[in-house]
Amino acid sequence: MIKNDLFLKALKGESVERPPVWMMRQAGRYLPDFMKLKEKYDFFTRCRTPELATEITVMPIKQVGPDAAILFSDILVVPQAMNIEVEMKPGVGPWLPNPVDTAKKVDQVIVPDVNEELGYVFDAIKLTKQELNDEVPLIGFAGSPWTILCYCVQGQGSKTFDKAKRFCFMEPIAAHTLLQKITDTTIAYLKEKVKAGVDAVQLFDSWGGLLEPKDYQEFSWKYMQQIIDALKDEVPVIAYGKGCWFALKEMSQSGAAALGVDWTCEARNARYLSGGQITLQGNFDPARLYSKPIEIKYMVNDMIKAFGKDRYIANLGHGILPDIPVDNAKAFVDAVKEYRG
Ligand code: CP3
């Protein structure tokens with residue numbers, strides 16, 4: 001039994017005395033102790049070494065105090081396991097020297113044995129669960145197939161992912177073949193994460209909002225739904241789509257336990273579009289953590305009032321920014337913990 005089960009209760013839709021809180025990308029980036037580790041070990045070494053991944057996962061739990069931990073890793077370990085080279089270049093971000101931008105290259109992409117290629121993730125989960133000692137639940141995650149395709153085809157981060165879209169629209173058969181391979185790998189990967197001990201999983205569709213609604217259905221949601229179908233009876237699934245407010249109705253009927261929303265969608269619109277029953281997660285503007293702690297606290301109170309304390313998980317609308325002061329992150333978490341509706 002997990003001692004602090006607010007997050008799991010909210011995922012089940014049970015009533016709580018206050019909403020649970022965690023922050024997307026809470027493990028790393030803005031934490032001074034993480035910066036120290038960053039000087040010693042490169043990014044994927046940190047991901048591949050269970051002791052380091054565990055240490056980084058637990059850091060925010062001790063220093064900031066959210067109600068759930070999220071495993072330190074990256075969505076891009078999945079394409080790496082599929083025989084696609086992925087580097088993390090300091091100052092640049094993800095870098096793929098050989099983008100998968102032709103049908104021939106798609107044919108060379110493999111659906112791997114996840115235990116062989118990603119065993120280090122499952123080891124990190126087991127070690128983290130020991131370290132957490134059932135204090136708070138542990139969240140596992142994966143990128144959505146569309147968001148993974150964006151990096152695989154574009155070869156790096158982008159504001160528009162124009163090359164990824166061009167590939168989908170000019171070579172739809174190859175694009176769907178790649179999306180299906182990513183989906184099959186992701187399902188096997190998340191099932192193993194559940195076996196290793198995660199208490200919930202989140203799908204990050206960070207770039208879903210770049211697609212128009214019909215294309216979103218075809219190139220993103222269809223595959224998200226396959227993953228939810230495969231996992232929902234084993235573990236609560238949170239579907240987060242940045243800029244995907246237009247799909248909230250469909251998402252609310254998917255079997256996901258909760259839906260993540262960003263700050264461009266007001267709480268009442270998100271509730272309306274998602275039918276008013278499903279648990280919602282979000283949606284504080286990550287840049288609003290630059291405000292003074294006192295201002296953050298007022299805004300968090302308003303946010304909880306707007307969503308309601310039940311069927312709600314307080315979070316940011318996207319990942320925390322790297323230069324947010326730890327005290328401001330703490331003000332965000334504390335404000336939720338102090339909420340007395
Ligand atoms: O939430 C957590 O704290 C757990 C760890 C986590 C990381 N990446 C660690 C990380 C999670 C959940 C992710 C998800 C991820 N990775 C997403 C989806 C969420 C989102 O923010 O949209 C995406 C798109 C990526 C791909 C990625 N990884 C990018 C674009 C970058 C570089 C820019 C950046 O965010 O700093 C990364 C690197 C990365 N992943 C870092 C961390 C802590 C920073 C680099 C470093 O520490 O060396």
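These numbers were taken from a predicted model, which means no experiment stands behind them. Counting starts at 1 for both ligands and their atoms, in listed order.
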For this session: Considering heavy atoms of the protein only, find what lies nearest to atom 3 (O) of ligand 1 and give residue, atom and distance to 0.1 Å.
Result: A27 N, 2.7 Å
For this session: Flag the pair R18 and D67 as a salt bridge only when some basic side-chain nitrogen lies within less than 4.0 angstrom of an acidic carboxylate oxygen.
Result: yes
Exercise. Can you list the ligand 1 atoms lying under 4.0 Å from a non-hydrogen atom of F204?
Worked result: 12 (C), 18 (C), 19 (C)
Exercise. Considering only protein heavy atoms, which is closest to atom 17 (C) of ligand 1, and at what distance to one decimal place?
Worked result: I75 CD1, 3.7 Å
Exercise. Of the choices F141, Y41, F43, which has the non-hydrogen atom that lies closest to atom 42 (C) of ligand 1?
Worked result: F43
Seminar exercise, completed: among protein heavy atoms, the one nearest atom 33 (C) of ligand 1 is R29 NH2, 4.3 Å
Exercise. Does ligand 1 have any atom sitting under 4.0 Å from a heavy atom of G319?
Worked result: no
For this session: Note the single closest protein heavy atom to atom 18 (C) of ligand 1, along with its residue, its atom name and the distance in Å.
Result: S206 OG, 3.3 Å
Problem set entry | Protein contact of atom 30 (C) of ligand 1 - nearest heavy atom, named by residue and atom, plus distance | Y151 OH, 3.5 Å
Problem set entry | D162/R166 salt bridge by N-O under 4.0 Å criterion | no
Exercise. Where does Q26 meet ligand 1, judged by heavy-atom distances below 4.0 Å: at the side chain, the backbone, both, or neither?
Worked result: backbone
Exercise. What part of S73 sits under 4.0 Å from ligand 1 if we count only heavy atoms: the side chain, the backbone, both or neither?
Worked result: backbone
Problem set entry | Mutual orientation of the aromatic rings belonging to W207 and H318 [parallel < 30°, tilted 30-60°, perpendicular > 60°] | perpendicular
Problem set entry | Identity and separation of the nearest protein heavy atom to atom 26 (C) of ligand 1 | D74 OD2, 3.6 Å
Exercise. Side-chain donor-acceptor pair under 3.5 Å between D184 and Q226, yes or no?
Worked result: no
Problem set entry | Residue part near ligand 1, for L71, under 4.0 Å between non-hydrogen atoms | backbone
Exercise. Among protein heavy atoms, which sits nearest to atom 21 (O) of ligand 1, and what does the distance come to when rounded to 0.1 Å?
Worked result: R25 NH1, 2.6 Å
Problem set entry | Pair F72 + F43: ring centers closer than 6.0 Å | yes
For this session: Look at atom 20 (C) of ligand 1 and say which protein heavy atom is nearest, naming residue and atom and giving the distance to 0.1 Å.
Result: H318 NE2, 3.1 Å
Exercise. Near M88, which atoms of ligand 1 are under 4.0 Å from a heavy atom of that residue?
Worked result: 28 (N), 37 (C), 38 (C)
Exercise. Between F219 and F169, does the ring centre distance come in under 6.0 Å?
Worked result: yes
Exercise. Do you know which of Y151, W146, F141 makes ring-ring contact (aromatic ring centres under 6.0 Å, His included) with F204?
Worked result: F141
Exercise. Are P94 and ligand 1 in contact, using a heavy-atom cut-off of under 4.0 Å?
Worked result: yes
Problem set entry | K337/D334 ion pair, N-O < 4.0 Å | no
Seminar exercise, completed: Honestly, for R46 the part within reach of ligand 1 (heavy atoms, under 4.0 Å) is side chain
Seminar exercise, completed: Rounded to the nearest 0.5 angstrom, the CD1-CG distance for I278 and L273 is 12.5 Å
Exercise. Looking at Y30, F284, W22, which hits ring-ring contact (aromatic ring centres under 6.0 Å, His included) with F332?
Worked result: F284
